Structure formats: structure tokens, C-alpha cells
*Asks:* 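I have a structure I would like to understand better, so I am pasting it below and will then ask my questions one at a time.
For the single chain, residues carry numbers from 1 onward in sequence order. The structure displayed is predicted, hence computed values, not measured ones. Just so you know, these numbers use all the heavy atoms, side chains as well, and skip hydrogens, waters and symmetry mates.
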Amino acid sequence: MKVIVAKTAGFCWGVKRAMDAVLEASAQSGSHKVQTLGPLIHNPQALALIENRGVSVVTEPEHVQGGTVVIRAHGIPIQSLRGLKERQNRGELNIVNATCPEVAKVHNKIKKWSPKGYFTIILGSKGHPESIAHRSFAENGSIIISTMDEAKQLTSKELSKCLIVAQTTYTVKDFQEISSFIESQATDCIVENTICEDTWMRQDEAESLSKRVDYVIVVGGRESSNTKHLAELAQRYGKPVQYVETAQEIDLSQFSGSETVGILAGASTPTWLVEEVVDHLEETNDSLSKWVKKLNRAFLTPLIWSASVTFASLGASQILDYPNHFFIALSVGFFIFSMYLSAPYLEPLGLGVKGPANAKFLEINRYLLLNVSMTSALISLIFSRYVGPNYFLCTLLAFAVSLVYRIGLNTSQTKGLSLRSIPGSKDLFVPLSIAFLMVTAPDFENVRIQDVQHYLIFSIIFTLALARTFIYDLRDMQKDQVLGKETLPIALGKTRSLWSIGLLITFCIFAVGLSSYLSANPISLWHQIVMITALGYPVFYWWFYHHRFSAGKPRLDVRPEFSFFLVGLLTIL
């Protein structure tokens, strides 16, 4: 079976924004209650995880108690919002407005035209909280319609002077057809296409994907309007569709194993639910395909990470003129490979912090991954011995400290002392370990005085490793918060994290520029160019792949590890 996942699958930016708001409110609430007015989003699995963070749901404004109330992504009627603001002004509660900005744009359109005498026609779902909120802003009357038949029943009075808007998740094709019909019948009509960009991108991909596959599975909450529309679009193209909330609901008896299956997901569907569906479907594959998928999932990322560190180590050794640079690089590379594979199993909070789909995969393949990890650790120590006895002891110390760091010390004196109790300390420990083994530990073997070049290369390697960690942590920040994982970006916040790594990168770039004046052995111009390019790449990567794109995934993702490969170019220059 071939499985194709839509590039737009997963949370839209408006839902991400709402999830960030409620998780941040929960983290800062202390002993105060955090409530959402109505379900934050239409996905019961995501809501269950939020509830585990101490967030409750109230259905009516008058039921909101003291503490913090988060306004759902769909928005609420203006009358309810005014009542809550009055209570906030009296100091009874605090409001966090997580209304999607795209929804707020619709409110502004209605506020603009309704006072001018325009009757508001909302193309959307009756009873949907977003459409209900829209109606509250229409002081000159409004109606919600969803079909052409309902459009044909509009009265001449309603059509004499009307404004047409849409629920942000409405179907693009239906909006075009119905709005064109109303416009042809109305005397004075203003048409505002308020369907958000993310919606039409998902619907376009649903159309193109449905044409390429034999079967479509749509993943999302049953109350989610945009997810329902995706299922309807797939059915229009004559493809069999299963609409499920979780992987367990899939009827595998419908598949022979030779089909091409497309997976679509609504804007409120977490990525880990999509991953579970993919895993469940791939269980129908033949043994060879399963092994190829398993090996790719288990080892691709750690292989890329360890290979990039190995290559960077060769470059660093070239600059610092270390002997045995080949063995240093291999020792560091296998150290990273071993630590990456064993890390999930040494996590004090358990495999659950990796998400349900990944936790299941890691548990099933525990024996394979731990054995490969231990073998890699042994190989790392063997190569370190070829460098020299002091470097061997440094590598052994790094493994020991890593183990103690992850599992802690359980004695009567320490009472379970662990450095992991410091929020986000892992994000500093890994870069320090890499920089130590790559740059500092070889000096113990060669017994040389550390100079400006040494401190510069150490700072560059540490900064690049920390930037890589921050990029992945910021990308997964929302999921980590929901699952209870602690990282440095969670402790600092997104803005402070970006500023911190930005300042560190800027410092290193200036240091590279000044190194020719400060070091007894000036770095060549070409080497300086390579170092500055490597330091600038994480900034470019974050902007291009995580800031520039608001929906969907790029076709080619050149990973953050590329900066380490750039440092490796120092070997051949």
C-alpha cells in the first residue's frame, strides 16, 4: 500500500495560535483556573490532552468563574464578549482572546457594511459557533444559508440591499456558485469572500489528491466543519472515503494492500493523529516494505545528525590542526548516534512525551534501537581509544554524565537528584557535549594551550548545535507543551528563545570577523566565509521553512544539520 499524506494536514495557523494561547495561560496560571468558553477547537483528542493540563470547558458566559477565560478560535457573540470585558474591568477574571484573526476579519466586514443598511447573508453551517458569532455583529439583520436551495428562498426584501460573507471554512466552489446566484438576483449586493487562505489550500489539495489515489481517509473531529467539507470534496470525485477521528476507527478490511491511499486532515487535527493513521495503514504492507519504512523512521534522522557532526568535526580538527582527526570525528559521530537512539528510553516522563504514535513505535522496536545504541556506544569508545587514553576517558566521562543526567542519582543523600529537573537543561547539555568532545577533549590528549581559535570554534559548534535544538523544539513546541515535555524554548517562550539564539549567532559572526586580529594564527578569508555562512544558515532556515510558510509543507526541506555540513567544508578548503 502506498500512503500519501496531504502537505496541508495538521493544525492551521489560527488553531496553532489558539492552542499556544491556552497552553501559555495554563503555564502561567499558577493556582488560578483556566477555562475556555466552549471547546477551543473541534477535536476531542486534542481537547482531552488540554484538559490534562488543567484546562476546563464552560458552555455559557455566565458559567465562567474567576481566573482566566480563553476565547475559542471560532470567536463568540459580541454581546458575550462585552459581558466578559465588564467582569474583567471589575477584576473578576482575565480574558485571553484566541479568536482566529481570519474570523475577526469577517466581523470587521460585517461591522463595516451592516450599519449602512446591508442585510448580512452568511454562507456557512447553521449552529456552528463561528457563524453564530458572525450574526451577532449584523445589526441590520442576518441569515445563515448553506445550500443553493436555501439561497433561492431568500426574499426580495433580503435581496434589496445585502452583504455576502462566508464562514472561514466554507467550501470555495459552493461560495462561488451561491454568491454568483445571489448577486444576479439582488438589487444592491456586496460580496466579500472571507474564506481563509488555509481553507482553500486544503480544499485545492483535497481535489488534486483525490484524483491521484484509489481511496481517501479524512482524519478529524466529527464536529469540525472544515473536515466535513474535505470529506464531501473527496466524495464528489467518486472516491471511497472513510471519515475517522482516530486510527482505530479505520476499517482495514476495505483494503487489499495494493491501493494508493490519500490522507486528508482538518485544520484542527493534531499531526500525531495523522501519524497514527499512517502507521495503522502501513501494517497492511508486505514484510519488505515494513522493514524499509521501519529502518527509515528509526535511523534516518539520527544518521543525518551524526553524519553532519562527523563532517563538522573533520572541519574543526582541520582548523585546530588536531592529529587523529578522522578517529575524533568517528568517535563523536557514533556518540551522537548512540545518545539519540537511547534518549527516549531514558526519559523520566516516559515514552508518552514523544506522542502516542511515536511512543507505540518506540515500544515495539525497543530491542532493536537499544541494541544499535549500545553497539554505537562501543564503537565510539573504540575509536576514542585510537585517539589516545585521555580522549578515551573524556568520551567515557561524556557517556557517564549523559546517563546520570537522564536517569538521575537515587541515593539517600541525593534523593533522586537529576539535572533534568532544571527546565530545558537538555537543550544545553547536548550542544555542550558535542563541543566538548569535538573541540576541547582532543586538547587533553595533545596537551596544548587553548588559544583564541579554540574558543572561537568551541563557540561556533555550541551555537550551531543549540540553534538546531531550538529549531526542532520551536517547531514541536505546541505538541511538547500538550504532552508535558520541558524544553528551553518552553521555559523561555518563543520570542525570548529566538532573540537568545539570534544574539548568540550574531556574537559568533562578529567573533569570526575579528579573529584575524585577535589570534596568533589568523583564519583564512575562505574559512571565515564558510563559518559565517554556516552560522547564518539556521536563521535562513527558520525564516524560510517556519516563518515564510503559513500553511502546508515545502517540497524540499534542507535540514538544520546542513550548517554542520558547511563547517565540514573547512576540511577541503
*Asks:* Does V372 offer a backbone N or O that forms a donor-acceptor pair with the side chain of S376 under 3.5 Å?
*Replies:* yes
*Asks:* Locate the shortest heavy-atom distance separating L456 from C508; write the atom from each residue and the value.
*Replies:* CD1-O, 4.4 Å
*Asks:* Taking the side chain from T269 and the backbone from A265, do they hold a donor-acceptor pair closer than 3.5 Å?
*Replies:* no
*Asks:* Is the shortest heavy-atom distance from the side chain of V219 to the side chain of E245 under 4.5 Å?
*Replies:* no
*Asks:* For a 4.5 angstrom cut-off between non-hydrogen side-chain atoms, does S373 reach Y345?
*Replies:* no
*Asks:* What pair of heavy atoms forms the shortest contact from P302 to A298, and how long is it?
*Replies:* CG-O, 3.5 Å
*Asks:* We want to know whether Y391 and N324 form a side-chain donor-acceptor pair, criterion being a heavy-atom distance below 3.5 angstrom.
*Replies:* no
*Asks:* Give the intermediate values and the outcome of salt bridge (Lys or Arg N to Asp or Glu O under 4.0 Å) for residues D198 and K16.
*Replies:* CA-CA 12 Å; D198 184 272; K16 286 180 182 177; over 6 Å; no
*Asks:* Side chains of K33 and T68: closer than 4.5 Å at any heavy-atom pair?
*Replies:* no
*Asks:* Would you indicate whether the side-chain heavy atoms of V213 and V261 approach each other to under 4.5 Å?
*Replies:* no
*Asks:* With distance as the sole test, does S459 use its side chain to make a donor-acceptor pair with the main-chain N or O of Y455 at under 3.5 Å?
*Replies:* yes
*Asks:* Decide whether Q318 and T571 meet the rule of one side-chain donor and one side-chain acceptor closer than 3.5 Å.
*Replies:* no
*Asks:* To the nearest 0.5 Å, tell me how far S384 OG sits from L396 CG.
*Replies:* 8.0 Å
*Asks:* Look at the rings of F458 and F462 and say which category their plane angle falls in: under 30° parallel, 30 to 60° tilted, over 60° perpendicular.
*Replies:* parallel
*Asks:* If you take the centroid of each ring, where Trp contributes its six-membered ring, are F335 and F399 closer together than 6.0 Å?
*Replies:* yes
*Asks:* What heavy-atom pair brings S306 and G333 nearest, and what distance separates the two atoms?
*Replies:* CB-O, 3.2 Å
*Asks:* Below 30° counts as parallel, above 60° as perpendicular, anything between as tilted: where do the rings of F562 and Y537 land?
*Replies:* perpendicular
*Asks:* Test your reading of the model: is there a side-chain donor-acceptor pair from E205 to the backbone of K7, 3.5 Å cut-off?
*Replies:* yes
*Asks:* Tell me whether R468 forms a cation-pi arrangement with F564, defined as NZ or CZ under 6.0 Å from the six-membered ring centre and within 45 degrees of its axis.
*Replies:* no
*Asks:* Is F299 atom CZ crowded by more than 12 heavy atoms from other residues, nucleotides or ligands, each under 6.0 Å away?
*Replies:* yes
*Asks:* Main chain of N371, side chain of T375: is a donor-acceptor contact present, judged purely on distance under 3.5 Å?
*Replies:* yes
*Asks:* Where is the tightest heavy-atom contact between L492 and R496, given as atom of each residue plus distance?
*Replies:* O-CD, 3.2 Å
*Asks:* Within the side chain of S317, is there an N or O that forms a donor-acceptor pair under 3.5 Å with the backbone of L314?
*Replies:* no
*Asks:* Quick one: CD on E102 to CH2 on W13, what's the gap to the nearest 0.5 Å?
*Replies:* 5.5 Å
*Asks:* Between CG of N365 and CG of L368, what distance do you get to the nearest 0.5 Å?
*Replies:* 6.0 Å
*Asks:* Assess, by modelled atom type and distance only, whether the side chains of T301 and R559 contain a donor and an acceptor separated by less than 3.5 Å.
*Replies:* yes
*Asks:* Using a 3.5 Å distance criterion without hydrogens, assess whether the side chain of T506 forms a donor-acceptor pair with backbone atoms of G502.
*Replies:* yes
*Asks:* Does R366 have more than 12 heavy atoms from other residues, nucleotides or ligands lying within 6.0 Å of its CZ?
*Replies:* yes
*Asks:* May I ask you to test the F337-L341 pair for a side-chain heavy-atom distance under 4.5 Å?
*Replies:* yes
*Asks:* Is there a donor-acceptor pair under 3.5 Å between the side chain of D473 and the backbone N or O of P489?
*Replies:* no
*Asks:* In Å, rounded to the nearest 0.5 Å, how long is the span from CD1 of I364 to CG of D279?
*Replies:* 8.0 Å
*Asks:* Where is the tightest heavy-atom contact between C12 and R202, given as atom of each residue plus distance?
*Replies:* N-NH2, 3.3 Å
*Asks:* Is the side chain of R17 donor-acceptor paired with the backbone N or O of T99 at a distance under 3.5 Å, no angle test?
*Replies:* yes
*Asks:* Over 60° means perpendicular and under 30° means parallel, so classify the ring planes of Y386 and F383, tilted if in between.
*Replies:* tilted
*Asks:* Which heavy atom of I250 sits nearest to which heavy atom of H280, and what is that distance?
*Replies:* CB-CD2, 4.0 Å
*Asks:* For S331, does its backbone N or O pair with a side-chain atom of S380 as donor and acceptor, under 3.5 Å?
*Replies:* yes
